[in-house]
2 protein chains.
Amino acid sequence: MKLRETFTCPLELTHDMLKGKWKPIILWRLRLGKTTLAQLERDIDGITQKMLLEHLKELAAFGFVDKEVSGGYPLKTSYFLTRPQGERVLAALTIMQEIGIDYMKEHGMEEPLRERGLL
Amino acid sequence: MKLRETFTCPLELTHDMLKGKWKPIILWRLRLGKTTLAQLERDIDGITQKMLLEHLKELAAFGFVDKEVSGGYPLKTSYFLTRPQGERVLAALTIMQEIGIDYMKEHGMEEPLRERGLL
DNA sequence: CTGGATCCCGAATGATACTG
DNA sequence: CAGTATCATTCGGGATCCAG
């Protein structure tokens with residue numbers, strides 16, 4: 001994922017950093033606290049390990065998440081949001097979540113909302 | 001621009017709606033009020049009429065912007081943010097703008113910020 | 001003629017599947 | 001978990017078309 005070199009406004013930079021199909025969900029899931037790779041893979045429906053790793057790596061490069069490796073056996077790595085950077089995007093994502101919910105309500109997509117207990 | 005059919009959370013929907021290289025800037029520029037196509041083209045550095053039109057169309061389809069056509073001479077169409085939908089994303093974009101500014105500060109990219117009076 | 005909008009096409013980028 | 005191949009989508013250019 002490349003950042004554009006020329007831009008009109010810093011907003012575009014952030015947009016580039018959050019670009020990609022899975023980045024928002026990963027961050028969103030991470031708002032619940034530190035987790036392992038395997039757990040993320042289970043929680044995020046449809047994602048492959050490869051995509052997860054790839055996007056986590058980019059998010060880490062931009063300073064939104066960080067990882068922690070426990071040197072024991074078995075080797076275990078946990079991912080978590082950084083502060084303040086990572087927690088800061090959450091605010092933006094929260095608004096997007098609300099917009100998404102409203103959009104679904106207005107388009108007769110209430111079923112999926114109910115199923116997830118978001119209504 | 002297609003919305004994915006299956007998703008884990010409404011957030012992903014919004015992310016899809018804002019996807020695309022120019023959408024955030026267009027919305028950001030529109031926060032200043034109603035403008036014409038030609039003016040947007042002038043204000044947004046590097047965008048072509050085609051890209052502008054394409055993205056405006058999608059933003060309109062998702063209900064973030066709307067347009068108004070004055071049938072006079074010369075033919076003139078104006079675009080503006082809808083309420084509350086369009087104005088609502090601004091809140092999210094504002095946060096992203098701040099994150100972008102901070103990111104630039106921490107990476108020695110203060111020059112471009114100064115040039116734009118953002119510092 | 002002028003500004004707005006669409007169409008077609010190649011190049012670049014992203015996503016997924018498959019493999020070791 | 002990394003590498004490669006393939007498929008889908010996006011970007012950007014330019015030509016073209018439509019309406020007053």
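Remember, it's a predicted structure, so these values are computed and weren't measured experimentally. Heavy-atom basis, side chains included; hydrogens, waters and symmetry copies ignored. Per chain, numbering begins at 1; letters A, B, ... match sequence-line order.
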Got a sec, which pairs hit ring-ring contact (aromatic ring centres under 6.0 Å, His included) with one end in residues 100-119 of chain A, sequence neighbours left out? A/Tyr103-A/His107

Would you kindly give the CG-to-P distance between A/Leu40 and D/dC1, to the nearest whole Å? 12 Å

D/dC11 C1' sits how many Å from B/Ile44 CD1, rounded? 16 Å

Any luck finding a side-chain donor-acceptor pair between A/Thr8 and A/Glu12 under 3.5 Å? yes

Where is the tightest heavy-atom contact between B/Val65 and B/Thr82, given as atom of each residue plus distance? C-CG2, 3.6 Å

Listed partners of B/Arg42 passing side-chain hydrogen bond (donor to acceptor under 3.5 Å, both in side chains), at least two apart: B/Gln39

Indicate yes or no: does B/Glu58 engage B/Lys23 in a salt bridge with an N to O separation below 4.0 Å. yes

Side chains of A/Glu68 and A/Phe80, heavy atoms from C-beta outward: is any pair under 4.5 Å? yes

Whole-Å gap separating P (D/dT9) and CG (B/Leu3): 13 Å

Using a cut-off of strictly less than 4.0 Å between a heavy atom of the residue and any atom of DNA chain D, enumerate the qualifying residues of residues 9-22 of chain B by number. B/Lys19, B/Gly20, B/Lys21, B/Trp22

Provide, to the nearest angstrom, the distance between the CG atom belonging to A/Leu52 and the P atom belonging to C/dG14. 18 Å

Can you measure A/Glu58 atom CD to C/dA15 atom C1' for me and round it to whole angstrom units? 12 Å

Using side-chain heavy atoms (C-beta onward) and a distance below 4.5 Å, is B/Ile25 in contact with A/Cys9? no

Is the closest basic N to carboxylate O distance between A/Asp16 and B/Lys21 below 4.0 Å? no

Show me the protein contacts with nucleotides 10-12 of chain C, counting only N or O atoms at under 3.5 Å.
none

Check nucleotides 5-7 of chain C against the protein and report each pair of N or O atoms closer than 3.5 Å, with its distance, or say if there are none.
| from | atom 1 | to | atom 2 | distance (Å) |
| --- | --- | --- | --- | --- |
| C/dA5 | OP1 | B/Lys67 | NZ | 2.8 |
| C/dA5 | OP2 | B/Tyr79 | OH | 2.9 |
| C/dA5 | N7 | B/Gln49 | OE1 | 3.4 |
| C/dT6 | OP1 | B/Lys57 | NZ | 3.2 |

Contacts of A/Glu5 that satisfy side chain to side chain contact (heavy atoms under 4.5 Å, CB included) - sequence neighbours left out: none

According to a strict under-4.0 Å criterion, is B/His55 in side-chain N/O contact with OP1 or OP2 of D/dT10? no

Report the distance from atom CE of B/Met51 to atom C1' of D/dC11, rounded to the nearest whole Å. 5 Å

To the nearest angstrom, how far is B/Phe7 atom CZ from C/dA15 atom P? 18 Å

Apply the test salt bridge (charged side-chain N to carboxylate O under 4.0 Å, His left out) to residues A/Arg31 and A/Glu87: give CA-CA distance (whole Å), side-chain angles for both, the deciding distance (0.1 Å), then the verdict. CA-CA 8 Å; A/Arg31 83 191 183 287; A/Glu87 311 208 333; over 6 Å; no

Calculate the interatomic distance between B/Asp45 atom CG and D/dG12 atom C1'; express it in whole Å. 16 Å

Taking the side chain as C-beta and beyond, is there a heavy-atom pair between B/Leu40 and B/Thr36 under 4.5 Å? no

